[in-house]
Number of protein chains: 2
Amino acid sequence: MNISTKGRYGLRAVLDIACNYQGKPVTLSAISLRQQISEGYLEQLMAPLKKAGIIVSSRGAQGGYSLARDPQHIVVGEIFRALEGPLNLAVCTSEDETTSCKKKDYCSSEGEANACRNKDCSSESEATACSKKDYCGSGYLWEEIQKAIAEVLDSHTLADLVNKETR
Amino acid sequence: MNISTKGRYGLRAVLDIACNYQGKPVTLSAISLRQQISEGYLEQLMAPLKKAGIIVSSRGAQGGYSLARDPQHIVVGEIFRALEGPLNLAVCTSEDETTSCKKKDYCSSEGEANACRNKDCSSESEATACSKKDYCGSGYLWEEIQKAIAEVLDSHTLADLVNKETR
DNA sequence: CTCATTCCTTAGTTATTTAATAGGGAATAA
DNA sequence: TTATTCCCTATTAAATAACTAAGGAATGAG
């Protein structure tokens, strides 16, 4: 269980922009140099960040990237989700929600007392309904973990991280 | 960011044993059938669980797996870590701790005010010291997330999950 | 106007990890 | 002594991650 370079580098890039903006947009090459991440790879991280409305860009000489909003109005969860996608700890791949929890085989206890709950899927995304998921006891756990992660992500702003950085 | 089948299947397997133990050890084939996980793959999950002292096994006819302790004395974090390894959200690969944070390039802010803190690495494992890590602002975030995950893992016992299951 | 600069987009490639399968071996109870 | 059951290791196929490459489009400076 880890966070991909996409998420890690991407956050560093946004932090870099936040810390190094001085009236002028910050160029990719400057970020690349400071963060020791190849420009080509950084480019790919900028696209989703831009799409998510976290950064804005301008082209041409003196161009580069700036934050779309003040750091205190950018929640870290936005950045994370833009890069890594919605939180989805347990794997829920099926598109057909109605078939959920019909197969009691997936549940680790037997007998009629065992009513598979339908919300064991911990995905944040509505699109991915569950027919193969980790049910019941384990599903509960993944959900709790996911909520804990979301809580951290959504209770910090970019400004908080900038403070940690320059302190 | 997700949890591998190793962790998910493994937890389900342990839950299965907890729920279906009735005086006799639970066989792999029974777990396989109920959980719809191949026996071959399950076998590989049993090894670390056994090594971690979570389950015990007996061979031969009527053999199988049982819990090594009562479910209320098995913390979920033990199971998780046995299967997925120590929590290690940010990647810290170097073995040489003294080189940490010497390269200011990794930090996303410039200037002398920027003292890279040495503990940004969020790894639970002592063995993996950091020379390439996500520093400062971002390192702080990964650490907070990791602590939140550990809190959930370490505040639930297997008995808690069994209750969720059979309710 | 034109040209250097900078972002933009897509395709392709390589490395790593995951998820399994396969097959023989060792212990044990009936 | 034999069917059962766990044990161990190697191999492989698929998926994902992590880049690299390369050409294009916009823009500001001169």
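Convention: sequence-line order gives letters A, B, ...; per-chain numbering from 1.
- Atom CD1 in B/Ile37 sits about 9 Å away from atom P in C/dA20, given to the nearest Å.
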Summary of protein contacts for nucleotides 9-23 of chain D, nucleotide by nucleotide, where a base hit scores B, a sugar-phosphate-only hit scores S (4.0 Å, heavy atoms): ---------SBB-B-
Taking only N/O atoms, report every protein-nucleotides 24-28 of chain D pair under 3.5 Å with atom names and distance.
from, atom 1, to, atom 2, distance (Å)
D/dA26, O4', A/Arg59, NE, 3.3
D/dA26, O4', A/Arg59, NH2, 3.0

Between side-chain atoms of residues 37-45 of chain A and protein atoms elsewhere (two or more places apart, or another chain), which donor-acceptor pairs fall under 3.5 Å?
from, atom 1, to, atom 2, distance (Å)
A/Ser38, OG, A/Tyr41, N, 3.1
A/Tyr41, OH, A/Thr5, OG1, 2.9

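- Between B/Lys24 atom NZ and D/dT5 atom P there is a gap of 10 Å when expressed in whole angstrom units.
- Under a 3.5 Å cut-off, the side chain of A/Asp160 and the backbone N or O of A/Thr157 do form a donor-acceptor pair.
- The CD atom of B/Gln35 sits 16 Å away from the P atom of C/dA19 (whole-angstrom rounding).
- With rounding to the nearest 0.5 Å, the separation of CE in B/Met1 from CZ in A/Phe80 is 5.5 Å.
- Applying the side chain to side chain contact (heavy atoms under 4.5 Å, CB included) test between A/Val76 and each of A/Val14, A/Leu153, A/Val152 identifies A/Leu153 as the sole match.
- Under the side chain to side chain donor-acceptor pair (under 3.5 Å) criterion, A/Ser29 pairs with A/Thr27, sequence neighbours left out.
- For residues 67-77 of chain A, the salt bridge (Lys or Arg N to Asp or Glu O under 4.0 Å) pairs, not counting sequence neighbours, are A/Arg69-A/Glu78.
- Straight-line distance from the OH atom of B/Tyr65 to the C1' atom of D/dT4: 13 Å, rounded to whole Å.
- In this structure, B/Leu42 places its CG atom 14 Å from P of C/dA19, rounding to the nearest Å.
- The distance between atom CD1 of A/Ile55 and atom P of C/dT6, rounded to the nearest whole Å, is 16 Å.
- A/Glu39 has its CD atom 10 Å from the P atom of C/dT6, to the nearest Å.
- For B/Ser4, the side chain to side chain donor-acceptor pair (under 3.5 Å) partners two or more places apart in sequence, or in a different chain, are B/Glu84.
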Give every donor-acceptor pair under 3.5 Å between a side-chain atom in residues 46-57 of chain B and any protein atom, sequence neighbours left out.
from, atom 1, to, atom 2, distance (Å)
B/Lys50, NZ, B/Ser57, OG, 3.0

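- For B/Glu144, the salt bridge (Lys or Arg N to Asp or Glu O under 4.0 Å) partners two or more places apart in sequence, or in a different chain, are B/Lys147.
- Qualifying side chain to side chain donor-acceptor pair (under 3.5 Å) partners for B/Lys24, counting only residues two or more places apart in sequence or in other chains: none.
- Comparing the end axes of the helix from C/dC1-D/dG30 to C/dA30-D/dT1, each fitted to five base pairs by superposing C1' atoms of four pairs onto the next four, gives an inter-axis angle of 10° (nearest 10 degrees).
- Residue B/Lys50 places none of its side-chain N or O atoms closer than 4.0 Å to OP1 or OP2 of D/dC6.
- The interatomic distance linking B/Leu28 (CG) with D/dC7 (P) rounds to 8 Å, in whole Å.
- For B/Arg59, the salt bridge (Lys or Arg N to Asp or Glu O under 4.0 Å) test picks out no residue, with sequence neighbours left out.
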